Amino acid sequence: MEAFTKLTAIAAPIDEINVDTNQLSPSRFSKTPRGPAYANILLHDARFNADGSEKDYVLNRGPFRKAAILVTGRNFGCGSSREGAVYGLHEFGVRCVIAPSFGEIFLNNCYKNGLLPVTLPEDAAADIRRQLRERPGAQVTVDLPQQTVTDPGGKLHRFEIKPVRKRCLVEGLDDISRTLQYQEAITACEARDRASRPWLWFNRA
Amino acid sequence: MNQPLTLFEKIWTSHVILEEEGEALVRVDLALIHEGSFHAFRVLDEAKRPVARPMQVYAFADHYVPSTGRDRGAAGVADAGLREMLALLEKNTARFDIKLFGLNDEHQGILHVVPPELGMTQPGLIVAGQDSHSCTHGALGAWALGMGASEMTHVLATQAAWLRKPGTMRIALDGAPTAGVTPKDIILAVIAKIGAAGANEHVIEYAGSTVAALSMEARMTVCNMSVEAGARSGLVAPDDTTYAYLEGKQYAPRGAAWQEALAYWKTLPTDPGARYDREVKIDVAQLSPMVTWGISPEHAAPVTGTAPDPDAAPDANKRAETQTALEYMGLAPGASLLGIPVDHVFIGSCTNGRIEDLREAAEVARRGRAVVPAWVVPGSAGVKRQAEKEGLADVFRKAGFEWRDPGCSMCSAYNGDELQPGQRCASTTNRNFRGRQGRGVRTHLMSPAMAAAAAITGRLTDVREFMKA
């Protein structure tokens, strides 16, 4: 997994709340194997007309085409568990999403793919989006080790993240290798279950 | 005396392998996958890992199966893309020895309909599904949660998951629903009250006198939409309804094992005095049949109500949100919901594709004739057989509804079952998100009875008017 430490990049504001994963990655593209095609699947119906021409959407405007950070309304990524939503952000070049809250499955999908979700209070996120609208192309710095976001005006916002999620992102660690070192504990736990709930195990190899 | 625990805490505690830095490695009893899990198999291959416990993984052909032409088996799948997705699932499950309920299986169906139907989902289990509506299984007193491809890869490789312990939220549903008010109306009212992010980072336990009186299938409808309120899981404590539902099912324990299991299940309900982090109360007797007017399941109102007026919104954000929703839905501020014309009706999905849902819809369908295209898609082959046996399929056909083959169909539109831009659908599904049923398609969520009524009148209709006729 790609590591995430510190990023200074153009940030794009998306004011809407409840941007769901159907919008982030419409169902009809879901047969697509992971790869560069996901860059244009991202928010496809908001960004493109039916004939493929571009709509007037924030990510189609000048500097925001190069945005690597999104600052959005609350409950970003709610809905379907489809990981295409994260593949799209990643292929577009987005490495960090800042929002007042996230859909929980999407949040986990971000962590597992090296994309940093940052939770900031409603007011702070709204204020950063205002700055980004007023100064298109302005940069935001996200420092994961320090757990800070520096907005275009230079104001520092501290954010919280579970220590283990931070460590995995900073080191680019994937969870499977982390788990396999505990194989003995898993086997022991299964053995306890086999003893206490034997009816679940009669047909398991 | 031991500290009183909630149902969820009991399941959690008995499955924790170890805790590390605020997360727990938790043992998973059942993993459920579908055609879309091809991403997970790819990651598994990249990690060069086998499937750790194939006997605890079940696969379902549901998202990408066509809803017609199935009597011809794979040859009836006209779309090459769909055929490839089905073949990929067959190949991946075969090489890892995973049981597949494939296109032609007698138990084919939606991954949230089939496992309860066969008795796989049982109280006290942890069920991980690669689909956000995995919360459906919570109705049987299991802790069931949806996840993406990467988390599922981890489950396949280890039969465990790293999880943060969620907060607990008790939603007390009390009172008897009045005529025309179904489980779907109850959960839409819950979501309208607490919001689409109202239960984020919490597991919901539905309790109260209403829930105690609900059938198992009704509880599934309620739990199914927990994720639309932001909760990854929603559950109901097992009781006599649960045990009666499970007894004799194919995957349920039998004989002495049944007695052992039953004794364990009876230890699971929340202890008296156990604390929840949050509590919400709903008076079910006050509810009316609900429909959604907007683009989030929280945009729901009584069918006798109106679409909101953005100018009456409490703040600028709510105003903008309401405007966006009304524009997409093609509704005027303050528009009456009754009488909105619909182009299509869809009855089915993991929310409302079970036999009780079809009985409810057929009861209305037998009173008229569909004036717009109306599809009925059973949630499983088992539901389809049962509905045909009971004569419901004939009722639907006679009333001009299309009786189709089981799967997710137009709920998620993965299989190409979608409508045209601007079309309006009365739907028994779970999401009215923009584009969910096709690009630019407008979805109104409602109960099976309300959807059947909309098919007969061609408009959003109060099913209670129909019941008088």
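The sequence lines fix the lettering, A, B, ..., with proteins before strands; numbering per chain opens at 1. Everything numeric here is computed off the predicted structure, so don't read it as measured data.
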Classify the ring geometry between B:Tyr264 and A:Trp199 as parallel (under 30°), tilted (30 to 60°) or perpendicular (over 60°). tilted

Pairwise distance [atom1]([X]) to [atom2]([Y]) - rounded to 0.5 angstrom:
X: A:Cys168; Y: B:Trp162; atom1: SG; atom2: CH2; answer: 8.5 Å
X: B:Glu298; Y: A:Asn18; atom1: CD; atom2: CG; answer: 5.5 Å
X: B:Met147; Y: A:Asn109; atom1: CE; atom2: CG; answer: 9.5 Å
X: B:His154; Y: A:Asp174; atom1: NE2; atom2: CG; answer: 8.5 Å

Taking B:Arg27 first and then A:Asp193, would you say they form a salt bridge - that is, a charged N and a carboxylate O separated by under 4.0 Å? yes

A:Glu16 and B:Arg434 ion-paired at < 4.0 Å: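 Salt bridge between A:Glu16 and B:Arg434, a charged N being under 4.0 Å from a carboxylate O: yes.
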
Donor-acceptor pair, distance only, cut-off 3.5 Å: does the side chain of A:Glu83 make one with the backbone of B:Ser150? yes

Has the side chain of A:Ser27 got a donor or acceptor atom that lies under 3.5 Å from a matching backbone atom of B:Ser412? yes

Walk me through whether A:Ser81 and B:Gln130 qualify under side chain to side chain donor-acceptor pair (under 3.5 Å). CA-CA 7 Å; A:Ser81 60; B:Gln130 200 186 327; 5.8 Å; no

Which atoms of B:Thr158 are under 4.5 Å from chain A, going by heavy atoms: the side chain, the backbone, both sets, or neither? both

Identified salt bridge (charged side-chain N to carboxylate O under 4.0 Å, His left out) counterpart of B:Glu23 within the set A:Lys162, A:Arg165, A:Arg167: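 Answer to the salt bridge (charged side-chain N to carboxylate O under 4.0 Å, His left out) test with B:Glu23 among A:Lys162, A:Arg165, A:Arg167: A:Arg165.
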
Does CD belonging to B:Glu260 count more than 12 external heavy atoms closer than 6.0 Å? yes

